[in-house]
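See below for the structure under consideration.
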There are 2 protein chains.
Amino acid sequence: MATGRTHRPATRSRGIPEATVARLPLYLRALTALSERSVPTVSSEELAAAAGVNSAKLRKDFSYLGSYGTRGVGYDVEYLVYQISRELGLTQDWPIVMVGIGNLGAALANYGGFASRGFRVAALIDADPSMVGKPVAGIPVQYIDDLEKIIEENGVSIGVIATPAGAAQQVCDRLVAAGVSSILNFAPTVLSVPDGVDVRKVDLSIELQILAFHEQRKAGEDGGVGGADLPSAAAVRAAAPAAVAASPASTAGRKGPDGDVPAVMPA
Amino acid sequence: MATGRTHRPATRSRGIPEATVARLPLYLRALTALSERSVPTVSSEELAAAAGVNSAKLRKDFSYLGSYGTRGVGYDVEYLVYQISRELGLTQDWPIVMVGIGNLGAALANYGGFASRGFRVAALIDADPSMVGKPVAGIPVQYIDDLEKIIEENGVSIGVIATPAGAAQQVCDRLVAAGVSSILNFAPTVLSVPDGVDVRKVDLSIELQILAFHEQRKAGEDGGVGGADLPSAAAVRAAAPAAVAASPASTAGRKGPDGDVPAVMPA
DNA sequence: ATGTCTTTGTGAACGCGTGCACAAAGATGA
DNA sequence: TCATCTTTGTGCACGCGTTCACAAAGACAT
Ligand SMILES: NC(=O)c1ccc[n+]([C@@H]2O[C@H](COP(=O)([O-])OP(=O)(O)OC[C@H]3O[C@@H](n4cnc5c(N)ncnc54)[C@H](O)[C@@H]3O)[C@@H](O)[C@H]2O)c1
Ligand SMILES: NC(=O)c1ccc[n+]([C@@H]2O[C@H](COP(=O)([O-])OP(=O)(O)OC[C@H]3O[C@@H](n4cnc5c(N)ncnc54)[C@H](O)[C@@H]3O)[C@@H](O)[C@H]2O)c1
């Protein structure tokens, strides 16, 4: 089962907090922009503003990497770019494979952001024979049967899945069996992988649903008992969505004994 | 994954924890699958396994919504689908606009996951005149000049940005000014928005960099001083990436005084 | 009714992440 | 050399999220 997270073996002294790791790419992007403008140094305050985070948090994040700043001055931009890149492993070349070259997969393959940070698309793989050989973003699509060979020959350890949901677990299993140990999954499915394999997911639908939750709250909580935040013209619009569900207010009570459940959600 | 929050200063007493909200769509998806298979009830243990989370966490999450379970039996699938949908605001119809219909924007427009949960693409908007009127996913692309009018007429409060990074902030400002109060951003930029506006971002490049970090760690930390984690065959492959940076081990020491910084990161 | 068995709902403990606030470090100028 | 000023690095407290563990609730059988 994928859930099996074993406890951390006692004192892990060398680990960088996960939350910090997730922010490093953000800092790196801001620093790269500064570097391109030939800015020599930057203070934690400035950089934090550019990255959209708290400056104390940024300083603490950097403190996990070491003492790379100079008090009274700030951080050397170029040096910090290098240190973060090294910490993230971007000074290496990471060959990746992408499986499922449909609408999304093709868009991803065309995305420049891949190649710009040490990631190299080693292969595009699809199960549709009519697509094999057709170049996407200058790279010919290869057939799924060769997946293991491709991974082996290119030493691939990172895979991207952009297949339909139904095929994702199967593709995942093959990737893992072939030696891939990090997977970025775009299919709306929970992948189960053995220990030692990292999976990250990008899920459009989930993001929208989270936004909808907050949007609904902005619209609804006008007469709330607690503090009434949220002035702004935005709340005005949010209060008038296209169709308001006419659910009885008493629904909050107890559970209806039998099937009085409204039929919602087509799929 | 994707993250990114903006406001939340006040003490929210009546709120569902943010972490819980982020998991509700996951539960909903698993429940919908069960519903389609006509499964009447499900235990927290089963559902947790399907959603890839801890069962205690799932129960606590549901407890924020109310007591919708039956002890000794589990949860009524249909009823729970309805409750979660309602909580997330999915019983409403949410019109959304998508700005920037390029490679990614077109793929997103074609994605079925939008429409399946109450989200309706009200308009596709682009700044390229040669693209205006061309149908994408059956919806004709409209010109950016009409953005305000489109938002107004459709009562749109959720916007998706898939433009190049350089245009994102500008587009964001116009969306917000026109009344949009939730934004899903695919451009690799930090958007600044006024209070009351939620921004979530999906960033491909960041996800890959996080994976690379862990991948590097799996490969490198074999002789670490602390506990030696990570056995597994995956580490074997990870230990042999395409190009290993030949960095001296002593780099961990102090900061080199002058510009000995290697030239990395093309862009 | 009563007992047994299953599963929920939650109290409590713990660890992680965040942000404040400040001492220490170092630059800069007189 | 010394004083001043800026900015880092971090100790500390706090709140959130996770997980354990278990009493209570209810189904079901007898
Ligand atoms: N398109 C989007 O914007 C978007 C957004 C979020 C999530 N997703 C998800 O991403 C996935 C891809 O979406 P899409 O719009 O590109 O779909 P698509 O149908 O256009 O593309 C899917 C591709 O996967 C290939 N494929 C199918 N089975 C395969 C297998 N077993 N092995 C290898 N390749 C296989 C198909 O041949 C096809 O080329 C879906 O799961 C979708 O839900 C898409
Ligand atoms: N393509 C991907 O897979 C991918 C992945 C992650 C992130 N991104 C990001 O998403 C964005 C879009 O990527 P893409 O590959 O689709 O790029 P693209 O160049 O194919 O499409 C960009 C579209 O935005 C339109 N546009 C430009 N300026 C605009 C403006 N001011 N208002 C409205 N529309 C405008 C352009 O006309 C074009 O149609 C980029 O920021 C990219 O970095 C893309």
Side-chain angles (χ1 to χ4, degrees), chain A residues 1 3-13 15-24 26-27 39-49 51-77 79-80 83 210 254-255 257-258, chain B residues 1 3-24 26-27 39-49 51-77 79-80 83 210 254-255 257:
Chain A
M1 212 43 75
T3 320
R5 173 142 318 202
T6 36
H7 304 304
R8 296 281 174 276
T11 46
R12 190 175 45 166
S13 53
I16 296 176
E18 195 54 35
T20 295
V21 172
R23 282 188 294 268
L24 290 182
L26 221 54
Y27 302 145
V39 177
T41 61
V42 66
S43 71
S44 64
E45 205 69 49
E46 292 167 328
L47 186 54
V53 303
N54 182 292
S55 70
K57 191 189 296 183
L58 178 143
R59 288 197 298 276
K60 182 149 292 189
D61 284 342
F62 286 172
S63 78
Y64 292 116
L65 309 184
S67 289
Y68 295 144
T70 303
R71 297 177 189 224
V73 175
Y75 298 91
D76 181 292
V77 172
Y79 189 70
L80 203 46
Q83 289 300 337
I210 295 172
R254 263 289 151 176
K255 170 181 177 176
D258 33 66
Chain B
M1 207 191 332
T3 8
R5 178 174 346 151
T6 305
H7 74 104
R8 192 88 327 179
T11 43
R12 176 67 56 191
S13 55
R14 195 87 315 268
I16 298 176
E18 194 55 34
T20 295
V21 172
R23 282 188 294 268
L24 289 181
L26 220 54
Y27 302 146
V39 176
T41 61
V42 65
S43 72
S44 64
E45 204 69 50
E46 293 166 328
L47 186 54
V53 302
N54 181 293
S55 71
K57 189 188 297 184
L58 179 143
R59 287 197 298 277
K60 180 146 289 190
D61 283 342
F62 286 172
S63 78
Y64 292 116
L65 309 185
S67 289
Y68 295 144
T70 304
R71 298 177 188 224
V73 176
Y75 299 91
D76 182 292
V77 171
Y79 190 70
L80 204 46
Q83 289 300 338
I210 295 172
R254 264 289 152 174
K255 171 180 177 177

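Values reported hereafter were calculated over all heavy atoms of this structure, with side chains retained and with hydrogens, waters and symmetry mates removed. Below, read A as the first sequence line, B as the second, and so on, with proteins coming before strands; counting in each chain starts at 1.
Under 3.5 Å, the side chain of A:K60 and the base of C:dG19 form at least one donor-acceptor pair of N or O atoms. Under 3.5 Å, the side chain of A:R71 and the base of D:dT8 form at least one donor-acceptor pair of N or O atoms.
Look at CG on B:D61: it is 10 Å from C1' on D:dG17, rounded to the nearest Å. Between B:E46 atom CD and C:dT6 atom P the separation is 14 Å, expressed in whole Å. The CG-C1' distance, from B:L80 to C:dT7, rounds to 15 Å in whole Å. Atom P of nucleotide D:dT8 and atom CG of A:L65 are separated by 15 Å, given to the nearest angstrom. Distance, A:E18 CD to D:dG17 C1': 15 Å, rounded to whole Å. A:F62 has its CZ atom 16 Å from the C1' atom of D:dT10, to the nearest Å. Nucleotide D:dG17 holds its C1' atom 15 Å from the CG atom of B:L58, rounded to whole Å.
Phosphate contact (OP1/OP2 of D:dT19, side-chain N/O of B:K57, threshold under 4.0 Å): present. A sub-4.0 Å separation between OP1 or OP2 of C:dG17 and a side-chain N or O of A:Y64 is absent. Taking only side-chain nitrogens and oxygens, B:R23 comes nearer than 4.0 Å to OP1 or OP2 of D:dT18. At the phosphate of C:dG9, OP1 or OP2 sits under 4.0 Å from a side-chain N or O atom of B:Y75. In this model, the phosphate group of C:dG17 is not approached by any side-chain N or O of A:N54 to a distance below 4.0 Å at OP1 or OP2. The phosphate of C:dG26 has neither OP1 nor OP2 within less than 4.0 Å of any side-chain N or O from A:T70.
The side chain of B:S67 sits closest to C:dG9 out of C:dG9, C:dT8, C:dA21.
Atom CD1 of residue A:I210 and atom CD of residue B:E18 lie 7.0 Å apart, to the nearest 0.5 angstrom.
In terms of position along DNA chain C, the nucleotide closest to B:V73 lies nearer the 5' end than the nucleotide closest to the other residue of the pair A:P17 and B:V73. Position along DNA chain D of the nearest nucleotide to A:E45 versus B:R59 favours A:E45 as the more 5'-ward residue.
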**Request:** Kindly indicate, with the supporting measurements, whether the criterion side-chain contact (heavy atoms from CB on, under 4.5 Å) is fulfilled by A:L24 and A:L65.
**Result:** CA-CA 10 Å; A:L24 290 182; A:L65 309 184; 4.1 Å; yes
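Taking the side chain as every heavy atom from C-beta outward, B:L80 and B:Y27 never approach each other to under 4.5 Å.
Annotation for B:Y75 and B:S44: closest pair CE1-CB, 4.0 Å, computed over non-hydrogen atoms.
Test B:L47, B:D61, B:L58 against B:V53 for side chain to side chain contact (heavy atoms under 4.5 Å, CB included) and you get one pass: B:L58.
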